[in-house]
Amino acid sequence: MYTYAEVRIQGHVGKAPTVTGNVMKFNVAKSESWKDRDTGERRERTKWNTITVFDSNPGFNWLRDNLNKGDLVYIEAEVQNTSFEKNGETVYSVSIIADKVAIVPTGRNGN
């Protein structure tokens, strides 16, 4: 039986990706808005996710050359949990490793 853990994220790139060796990282914003029940005011909150893409991903070179701040992206990714020791304490980390990254055409900036 095939099993998997996958996440899908759609949001805007926060800044141009950083590439270090065979790893590219960039942040994606997910915004939500709602009406405050008590005041009736409109509220908004933005959550950021750091996406990691390895050079073994078929689109790595294209993304490195074409992904820009503000691009709307759709991502399918795997979640990896890791832990390590730092100053005698166990530190836990969650990584989002992209399998697929697509820039979604929006009609602005030539997309």
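Since the model is a prediction, treat every value here as computed from it, not as a measurement. Note that these values count all heavy atoms, side chains included, but never hydrogens, waters or copies made by symmetry.
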For residues 52-65, the salt bridge (charged side-chain N to carboxylate O under 4.0 Å, His left out) pairs (sequence neighbours left out) are none

Linking Ile, Leu, Val, Met, Phe, Trp and Tyr through side-chain heavy atoms less than 4.5 Å apart, which residues share a cluster with V23?
F54, I97

For E78, which residues count as a salt bridge (charged side-chain N to carboxylate O under 4.0 Å, His left out) partner, sequence neighbours excluded?
none

Could you list all the salt bridge (charged side-chain N to carboxylate O under 4.0 Å, His left out) pairs where at least one residue sits in residues 89-100, not counting sequence neighbours?
E76-K100

Salt bridge (charged side-chain N to carboxylate O under 4.0 Å, His left out) partners of R42, counting only residues at least two apart
none

In chain order, what residues pass the side chain to side chain contact (heavy atoms under 4.5 Å, CB included) check against T90, with sequence neighbours excluded?
S83, E85, Y92

Which residues share a side chain to side chain contact (heavy atoms under 4.5 Å, CB included) with N81, sequence neighbours left out
V79, V94

Can you list everything that forms a side-chain hydrogen bond (donor to acceptor under 3.5 Å, both in side chains) with N27? Sequence neighbours excluded, please.
T50

Residue set satisfying salt bridge (charged side-chain N to carboxylate O under 4.0 Å, His left out) with K15, at least two apart, ordered chain then number -> none

Output all residues satisfying side chain to side chain contact (heavy atoms under 4.5 Å, CB included) with D36, sequence neighbours left out; order by chain, then residue number.
D38, T39, R43

Kindly write out the residues that satisfy salt bridge (charged side-chain N to carboxylate O under 4.0 Å, His left out) with R45, not counting sequence neighbours, or none if the list is empty.
E32

Taking side chain to side chain contact (heavy atoms under 4.5 Å, CB included) as the definition, give me every residue that meets it alongside T20, ordered by chain and number, with sequence neighbours left out.
none

